[in-house]
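Residue numbers start from 1 in every chain, and the chains themselves are labelled A, B, ... in the order their sequence lines are given, proteins ahead of strands. Everything quoted here is computed from the prediction, not taken from an experiment.
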Protein chains: 2
Amino acid sequence: MSTASDTPQRNTRQRRAVQSVMMDLEGFASAQQIHDILKQRGESVGLSTVYRNLQALADADLLDALRNDDGETLYRRCSSGHHHHLVCRSCGRTVEVEGPAVERWADLTAEKHGFRDVEHTLEIFGTCADCAS
Amino acid sequence: MSTASDTPQRNTRQRRAVQSVMMDLEGFASAQQIHDILKQRGESVGLSTVYRNLQALADADLLDALRNDDGETLYRRCSSGHHHHLVCRSCGRTVEVEGPAVERWADLTAEKHGFRDVEHTLEIFGTCADCAS
DNA sequence: TTTGGTGCAAAACCTTTGCATTAGG
DNA sequence: CCTAATGCAAAGGTTTTGCACCAAA
């Protein structure tokens, strides 16, 4: 459960560096990849700090996080609107998809069972056209 | 890539025990949980053996495997009837829900983007009636 | 000055692997 | 017999945590 109190209070060089990398990044990247990118940029940041910042950003809903099949957590900046991911299980390519009907179905189903404050997660996996050939 | 040669050749007590647990199990369980269940049943099996058997079974498409957010791999027998979970974030109570429309939407969306062999995961979270009061 | 943030190293975690031993066929 | 499968312990990988130090406000 993320509360407002999770929000970081200090504007450090490291936090800015991590956020900057995430702003530039198009797809998903692991904490270690982000750590490497920071090193390449000469903006070295401790690995634990990278982890802590990514977690904080994800808790604040500024980043999307998901697990790949190798057990790594991947992060990327999320676009504002609520959406879901279509992920290629072979090359990792992701497509953002929206399904208003699904949103409504999920909320309705939950309410039908007496649930409140409903959220949901949905991910679709498959083999993309490039990888299938 | 799994080939037919992955298929185990010997019928050991341990393999039978693991398969038996998976047959009885309704939902997903981690390797360690399955290991515990085996211990409780008095059919002790080494943890590595549990891992190896679960992997072999998943490679042979006899089990479904997925990663949870804690980085554990969860297994369950491939059930023909596919459903999703509605989980109370307070007490953990879960309700199984079905949504044929969602299934179709997910498959359709994926195919529209050129994806094949489509799977998806969907979980709905909320606060159940008992916990809301 | 105060105290959240950082960095390092160590720990915790799940999972895999090396190797001697067991047991299925 | 033969060798796949097992069990243990050690290693592998990612992520978390304890603690002394640093720096933002």
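Distance, A:F28 CZ to D:dT14 C1': 18 Å, rounded to whole Å. At whole-Å resolution of the value, CG in B:D70 and P in D:dT14 are 18 Å apart. In this entry the distance linking CD of A:Q33 with P of D:dG13 reads 15 Å, nearest Å. The CG-P distance, from A:D59 to D:dT16, rounds to 10 Å in whole Å. Atom CG in B:N53 sits about 15 Å away from atom C1' in C:dT15, given to the nearest Å. Rounded to whole Å, the distance from CD on A:E72 to P on C:dC14 is 18 Å. The separation between A:R15 atom CZ and C:dG5 atom C1' is 8 Å, rounded to whole Å.
Taking OH from A:Y75 and CG from A:N53, the interatomic distance works out to 10.5 Å, rounded to the nearest 0.5 Å. Of the inter-residue distances, the one linking A:L62 atom CG with A:L54 atom CG reads 11.5 Å to the nearest 0.5 angstrom.
For A:N68, no side-chain nitrogen or oxygen approaches OP1 or OP2 of D:dT14 to under 4.0 Å. Proximity of B:Q55 to the phosphate of C:dT16: a side-chain N or O atom is located under 4.0 Å from OP1 or OP2. Here B:Y51 reaches the OP1 or OP2 of C:dT15: one of its side-chain N or O atoms lies under 4.0 Å away. For B:Q32, no side-chain nitrogen or oxygen approaches OP1 or OP2 of C:dC13 to under 4.0 Å. Put simply, B:T73 has no side-chain N or O that comes within less than 4.0 Å of OP1 or OP2 on C:dC14.
A:H84 and A:H120 have tilted rings, their planes meeting at an angle from 30° to 60° on a 0 to 90° scale.
Checked by atom type and distance alone, the side chain of A:T49 never pairs as donor or acceptor with a backbone atom of A:V45 at under 3.5 Å. Here the side chain of A:D36 pairs no donor or acceptor atom with the backbone of A:K39 at under 3.5 angstrom. Looking at B:R76, its side chain never comes within 3.5 Å of a backbone N or O of B:L63 through a donor-acceptor pair.
Partners of A:A110 under the side chain to side chain contact (heavy atoms under 4.5 Å, CB included) rule, at least two apart in sequence or in another chain, are A:F115, A:V118, B:L86, B:I124.
Each of D:dT6, C:dG7, C:dT15 was ranked by its minimum atom distance to the side chain of B:T49; first place goes to D:dT6.
Each of A:L47 and B:R67 has a nearest nucleotide on DNA chain C; the 5'-most of these lies closest to A:L47.
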Give me, pair by pair, the N or O atoms of the protein and of nucleotides 9-11 of chain C that are less than 3.5 Å apart, along with how far apart they are.
none

> What string of B, S and - do you get for nucleotides 19-25 of chain C, 5' to 3', when a contact is any protein heavy atom under 4.0 Å?
Replying inline: ----BBS

>> The test is salt bridge (charged side-chain N to carboxylate O under 4.0 Å, His left out); show your working for A:E43 and A:R16 and say whether it passes.
In response: CA-CA 10 Å; A:E43 284 273 21; A:R16 268 176 274 129; over 6 Å; no

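Donor-acceptor pairing under 3.5 Å is recorded for the side chains of B:R41 and B:S20.
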